[in-house]
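Just below is one structure, and these are the notes that go with it.
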Amino acid sequence: MTTRPDRGGDLPSRPPGVPAIPAQPGPEVAAAGPPPDAPTAPGADGPAAGRTPEEPAATTGADPAVEAEPAPRPDRAQYGVVAFLALVGGFVIFDATTRIGSAINTADPIGPKPVPILLGVLLLVIAVIYAVDVARGGRGEPEAGEDVDLSLPIDWRTVLLLVGAFLVNAVLIERLGWVISGTILFWGSAYALGNRHYVRNLLIAVALSLITFYTFAIGLGVDLPAGVLQGIL
């Protein structure tokens, strides 16, 4: 700053309208930190950062008021399915060991017994696994997720047609043989389920009956009734 020699070395006068420059704090003031009553910035470090003194600190852990969900109860109705599987498995094993012969030759060294016995054992294993799953609370998916309209009544016409096809097969299998009764069964089931391609369904039914007849006779050694076609098949 320069002085004015004509006024004995006084400082020049400041122009009007210019505000005074505040004094800057020294090094000792900066080291002392902010005053106690100064607010803390939201991003600053410290125990009071980001919250007011009246706001309590956030607590961690589960809320004791929230109770744990009870364990799912087993659906006891599913034990009926378990009993049915076990009964069918036991019956298949019993029938295979008592009624089916043990004819073994060079073309079939295993014989007809192992396959039904294996199926019966698998049914028993499935029954045990299913029982354990039901006891642990396992449940199937609800039917609401399937493409089924639960509000519609039961289609008794379809049910009765299917039952009738099975009954006709059971009555005619000894007289007419499996090929004819099986053809009626397959064709009648397709008709009951709404398929109206009569000729095509008849050809498919005859093919399925012949395939199953020779599969049991050649592959398993079980002769299905031939009926009126005895000596032809």
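Positions are given from 1 along the sequence.
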Contact list for residues 188-233, test ring-ring contact (aromatic ring centres under 6.0 Å, His included), sequence neighbours left out: Trp187-Tyr191
Cluster check Ile93, Val82: I/L/V/M/F/W/Y, side chain < 4.5 angstrom: no
Same apolar cluster (I L V M F W Y, side chains within < 4.5 Å links), Leu167/Phe186: no
Spatial distance of atom OG (Ser189) from atom CG (Asn201) [nearest 0.5 Å]: 10.5 Å
Value rounded to 0.5 Å, distance of CD1 in Ile173 from CG in Leu224: 6.5 Å
Closest non-hydrogen atom pair, Leu161 against Ala192: CB-CB, 3.4 Å
Same apolar cluster: Leu85 and Leu122, side chain cutoff 4.5 Å: no
OG-CD distance between Ser181 and Glu174, expressed to the nearest 0.5 angstrom: 9.0 Å
Donor-acceptor pair between Thr212 and Trp178 side chains, under 3.5 angstrom: yes
Set of residues satisfying side-chain contact (heavy atoms from CB on, under 4.5 Å) with respect to Thr215, sequence neighbours excluded: Ile211
Ile184: partners by side-chain contact (heavy atoms from CB on, under 4.5 Å), with sequence neighbours left out: Val168, Leu172, Ile180
Joint cluster assignment, Phe84 & Tyr130, ILVMFWY side-chain distance < 4.5 Å: yes
CZ/Arg196: more than 12 non-hydrogen atoms of other groups inside 6.0 Å: yes
CG-CG distance between Leu193 and Leu162, expressed to the nearest 0.5 angstrom: 5.0 Å
Leu123 CG to Leu118 CG distance, which is reported to the nearest 0.5 Å: 9.5 Å
Linked, directly or transitively: Val121 and Leu87 (ILVMFWY side chains, under 4.5 Å): no
Nearest heavy atoms of Arg200 and Asn195, plus distance in Å: NH2-ND2, 3.9 Å
Nearest atoms (heavy-atom pairs only) where Gly182 meets Ser209: C-OG, 3.2 Å
Straight-line distance of Thr183 OG1 to Ile204 CD1, nearest 0.5 Å: 12.0 Å
